[in-house]
Enquirer: 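Please find one structure pasted underneath; my questions will follow.
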Amino acid sequence: MALKKLNKTPSTASLKQIIKRSLSSFGRKYEENYGLPEDVPEGHFAVYVGENRSRYIVPISWLGYPQFQSLLLSAEEEFGFCQDMGLAIPCVEESFLSLTSFIRSL
């Protein structure tokens, strides 16, 4: 699924709720079953992208970018946040890599 354009900009409060739900839900499940992931540095989180669910570690600071926020809203709409594998982003991997390159260049 390609990135889709949203008609409205989400509020900061709603985005914080989305992130809090996704990270706390995933964190509890992961910690209970496996312990905290050792390869995710402080200030970062893991997302899974594309059909093969490739794993990427992204900085929390990206949550402030509207482009990344759109991906999170798409994830909530498509998958919800009770995912066993972690936070899945519903877009093709090439689109995600293009977006991350753009964010890094800012």
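Nothing fancy with the numbering, it's 1 onward along the sequence.
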Enquirer: Check Pro41 against Asp39 and note the closest heavy-atom contact, atom names and distance.
Expert: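 Looking at all heavy atoms of both residues, the shortest contact is CD-O, 3.3 Å.
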Enquirer: Compile the donor-acceptor pairs under 3.5 Å between side chains in residues 96-103 and protein atoms, sequence neighbours left out, one pair per line.
Expert:
unit_1 : atom_1 : unit_2 : atom_2 : d
Thr100 : OG1    : Phe96  : O      : 3.3
Thr100 : OG1    : Leu97  : O      : 2.9
Ser101 : OG     : Leu97  : O      : 3.1

Enquirer: Which atom names give the shortest non-hydrogen contact between Leu87 and Ala75, and what distance separates them?
Expert: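 So the two residues come closest at CD1-CB, 4.4 Å.
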Enquirer: Should Ser74 and Ile89 count as side-chain neighbours, where that means a heavy-atom distance under 4.5 Å?
Expert: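 When only atoms from C-beta onward are counted, Ile89 and Ser74 do not touch, as no gap falls below 4.5 Å.
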Enquirer: Heavy atoms only: give me the nearest Phe79-Pro90 pair and the separation to one decimal.
Expert: CE1-CB, 3.6 Å
Enquirer: Sorted by first residue and then second, give each side-chain hydrogen bond (donor to acceptor under 3.5 Å, both in side chains) pair with at least one member in residues 56-66; sequence neighbours left out.
Expert: Tyr56-Glu93
